[in-house]
> 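One structure follows; several queries about it will come next.
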Amino acid sequence: MGEAPAFCFDNLQNGFGLKPKGLETSADVGDKTFVIGGADNDSTSYIGVKIYDKSTGKWVIPTVLGTKPKASKGHSAILLNEDRIMIIIRGSTPDDCIWFLEVDTKYVKEQRKILGTEVVAWSRGVRGDAEKPVVISGPSGVGKGTLINMLMKEFPSMFGFSVSHTTRAPRGNEKNGVHYHFADRSVMEKDIKDGKFLEFASVHGNLYGTSIEAVEAVADSGKRCILDIDVQGARSVRASSLDAIFIFICPPTMRELEERLRARGTETEEQILKRLQNAEAEIEQGKSSGIFDHILYNDNLEECYENLKELLGLNGSAPTNHKPSPKGIDLPLNHSVSKIDNKILINCETLELEKASKNLIALDVSSLKGGAPGRTRGLNVYALDSFSDGLNEKLS
Ligand SMILES: Nc1ncnc2c1ncn2[C@@H]1O[C@H](COP(=O)(O)OP(=O)(O)OP(=O)(O)O)[C@@H](O)[C@H]1O
Ligand SMILES: Nc1nc2c(ncn2[C@@H]2O[C@H](COP(=O)(O)O)[C@@H](O)[C@H]2O)c(=O)[nH]1
């Protein structure tokens, strides 16, 4: 059964003096009306969001998490599953036309509790099934960085490193923005409070954290994201909606771990002792907490690396299963949008497809994965013959 188009144009009064800019759309979820469009509260360059609470009769400006879509020439909004609104943006580039505004997902509910404010979260839609991010944890000195560097060197177009923030001082060879974003504690604490971090933890006396932007930057480059984080961070990511593979790296013995840490020569004696002391609890948790999908022992480096590649489906040196990300969706400025079950139909007035009869695009949203923080994956796109009922050509 078809449904009426699930978007409607706003006829509510503007709250909080937001400047109308382009069309505003709205979607009702429970007692709340989410109004999307106009200028963002902080900047006129991005699409804004405001909420009308029907139970109190008041307007609320929510905390908006994630990268925001740029202000546009208009958009359509379609409510999906009562927890996210799909936004199709007019006149945007093919990689930038599908967005999701999460209004009541697990992540949004968690963040609402943590931040104590109304929260919504943006997540860009990407076609197909980009591969899951990889979380690598293990005690300091076990060889996580070494293994990650080997992967990035062998498969430079496949993996991208999530550059963490830390309050610790840079080591001699470390570059800001490459190895870490070195941050002041007060700035980092404020950003954490503002919901900019996917996870954070106090590790060996310093603050470390993965910003949402760090993960999104890798996703936007079309690469598979690798996170090098401690066990506390891995626990937080496991609880989030970032659908990742979790790998724990174990040392062969504590004595070997100590030797590696000392041989690396980057820590003071006091730091080495602190890291070794923390290692015991980390290894215990790594093995028993149920957070990790796989445990690898890094005794012989080459063997451990081969095992890691096998876990990631990279047998031999050729990246056999690495498919390039599918292209974005080339939408004409003029189109109309409607929803039938799990399909969003976009009727394109000027779409240049090979066959003139194919002027409909269907977005299949039945297998969406991931979401904020990060990208919403699993969006399938089909060209549809306007005179036929079936999905008849998956667009490459
Ligand atoms: N299998 C191995 N055998 C011997 N030495 C190793 C092995 N793997 C890594 N190393 C060495 O151990 C040291 C620590 O490795 P690395 O810096 O990669 O650890 P890490 O887990 O990333 O540590 P941290 O969490 O402190 O960043 C490095 O000097 C590295 O060359
Ligand atoms: N929870 C997080 N832990 C992180 C992050 N980035 C790094 N780490 C972990 O910290 C220790 C120490 O790292 P070092 O560079 O000072 O040796 C190590 O276990 C890393 O895995 C992060 O963003 N979040």
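Counting starts at 1 for both ligands and their atoms, in listed order. What's counted below: heavy atoms across the whole structure, side chains too, no hydrogens, waters or symmetry copies.
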> I'd like to know whether ligand 2 has Tyr180 as a neighbour, heavy-atom separation below 4.0 Å.
yes

> Would you say Arg171 has any N or O atom under 3.5 Å from an N or O of ligand 2, going by distance alone?
yes

> Does only the side chain of Glu174 get under 4.0 Å from ligand 2, or the backbone, or both, or neither? Count heavy atoms.
neither

> If you have a sec, work out which protein heavy atom is nearest atom 8 (N) of ligand 1 and how many Å separate them, to one decimal?
Asn298 ND2, 3.1 Å

> Are His179 and ligand 2 in contact, using a heavy-atom cut-off of under 4.0 Å?
no

> Output side-chain donor-acceptor pairs under 3.5 Å for residues 139-146, partner residues at least two apart or in another chain, one line each.
{"from": "Ser140", "atom 1": "OG", "to": "Arg275", "atom 2": "NH1", "distance (Å)": "2.9"}
{"from": "Lys144", "atom 1": "NZ", "to": "Gly138", "atom 2": "O", "distance (Å)": "2.9"}
{"from": "Lys144", "atom 1": "NZ", "to": "Pro139", "atom 2": "O", "distance (Å)": "3.1"}

> Do Pro139 and ligand 2 have an N or O pair less than 3.5 Å apart?
no

> Looking only at distances, please establish whether an N/O atom of ligand 2 is found under 3.5 Å from an N/O atom of Glu267.
no

> Under the side-chain hydrogen bond (donor to acceptor under 3.5 Å, both in side chains) test against Arg124, which residue among Thr376, Asp96, Thr67 passes?
Asp96

> Let me have the donor-acceptor pairs involving side chains of residues 189-196, under 3.5 Å, with sequence neighbours excluded, atom names and distances please.
{"from": "Lys190", "atom 1": "NZ", "to": "Asp194", "atom 2": "OD2", "distance (Å)": "2.6"}

> Show me which atoms of ligand 1 lie under 4.0 Å from any heavy atom of Lys144.
18 (O), 19 (O), 20 (P), 21 (O), 22 (O), 23 (O), 24 (P), 25 (O)

> Using distance alone, determine whether Leu261 and ligand 1 share an N or O pair under 3.5 Å.
no

> Does one side chain, of Asp28 or Thr33, offer a donor that lies under 3.5 Å from an acceptor on the other?
yes

> Under 4.0 Å from a heavy atom of Gly145: which atoms of ligand 1 are those, numbered in the order shown and with their elements?
18 (O), 20 (P), 22 (O)

> Considering only non-hydrogen protein atoms, determine which one is nearest to atom 14 (C) of ligand 1 and report residue, atom name and distance to 0.1 Å.
Gly141 O, 3.5 Å

> Is any side-chain heavy atom of Ile148 less than 4.5 Å from a side-chain heavy atom of Phe161?
yes

> Does Glu284, at its CD atom, have more than 12 non-hydrogen atoms belonging to other residues, nucleotides or ligands within less than 6.0 Å?
no

> Does Arg168 have a non-hydrogen atom less than 4.0 Å from ligand 2?
yes

> Run the side chain to side chain donor-acceptor pair (under 3.5 Å) check on Ser164 and His181 step by step: do they pass?
CA-CA 6 Å; Ser164 295; His181 297 288; over 6 Å; no

> Please indicate whether any nitrogen or oxygen in Gly138 is less than 3.5 Å from any nitrogen or oxygen in ligand 1.
no

> For atom 1 (N) of ligand 2, which of Val135, Ile229, Asp230 has the closest heavy atom?
Asp230

> Answer yes or no: does an N/O atom from Glu282 fall short of 3.5 Å to an N/O atom of ligand 2?
no

> For atom 24 (P) of ligand 1, which protein heavy atom lies nearest, and how many Å away is it?
Arg264 NH1, 3.5 Å

> Students should be able to answer this: which protein heavy-atom is nearest to atom 26 (O) of ligand 1, and at what distance?
Ser140 OG, 2.6 Å

> Under a single-linkage definition using a 4.5 Å side-chain heavy-atom cutoff for Ile, Leu, Val, Met, Phe, Trp and Tyr, are Val237 and Ile291 assigned to the same hydrophobic cluster?
yes

> Asn300 to ligand 1: N or O pair under 3.5 Å?
no

> With a 4.0 Å cut-off, would you call Arg127 and Asp364 a salt bridge?
no

> Taking NZ, NE, NH1 and NH2 as the nitrogens, is one of them in Glu174 or Arg168 under 4.0 Å from a carboxylate oxygen of the other?
yes

> Got an N/O contact under 3.5 Å between Thr146 and ligand 1?
yes

> Can you find a non-hydrogen atom of Arg275 under 4.0 Å from ligand 2?
yes

> To the nearest 0.5 Å, what is the distance between CG on Asp53 and NZ on Lys58?
9.0 Å

> Centres of the His165 and Phe182 rings: under 6.0 Å?
no

> Any N or O of Arg275 that comes nearer than 3.5 Å to an N or O of ligand 1?
yes

> Considering Arg171, His179, Arg260 one by one, which has a heavy atom nearer to atom 4 (C) of ligand 1 than any of the others?
Arg260

> For the salt bridge (Lys or Arg N to Asp or Glu O under 4.0 Å) test, which of Lys50, Arg112, Lys113 pairs with Glu118?
Arg112

> Identify, for atom 19 (O) of ligand 1, the protein heavy atom at the shortest distance, and state residue, atom and that distance.
Gly143 N, 3.1 Å

> List the closest protein heavy-atom neighbour of atom 23 (O) of ligand 2: residue, atom name, distance to the nearest 0.1 Å.
Ser164 OG, 2.6 Å

> From Ile36 CD1 over to Ile51 CD1, what is the distance, rounded to the nearest 0.5 angstrom?
10.0 Å

> Can you report which non-hydrogen protein atom sits closest to atom 19 (O) of ligand 2, along with the distance?
Lys144 NZ, 3.7 Å

> Looking at Lys274 and Glu267, is there a salt bridge between them, counting it only when a charged N and a carboxylate O are closer than 4.0 Å?
no

> What atoms in ligand 1 come closer than 4.0 Å to a heavy atom of Pro139?
21 (O)

> Show the nearest heavy-atom pair for residues Gly66 and Ile212, with the distance to one decimal.
CA-CG2, 4.2 Å

> In terms of atom number and element, which parts of ligand 1 are under 4.0 angstrom from non-hydrogen atoms of Asp299?
1 (N), 2 (C), 3 (N)

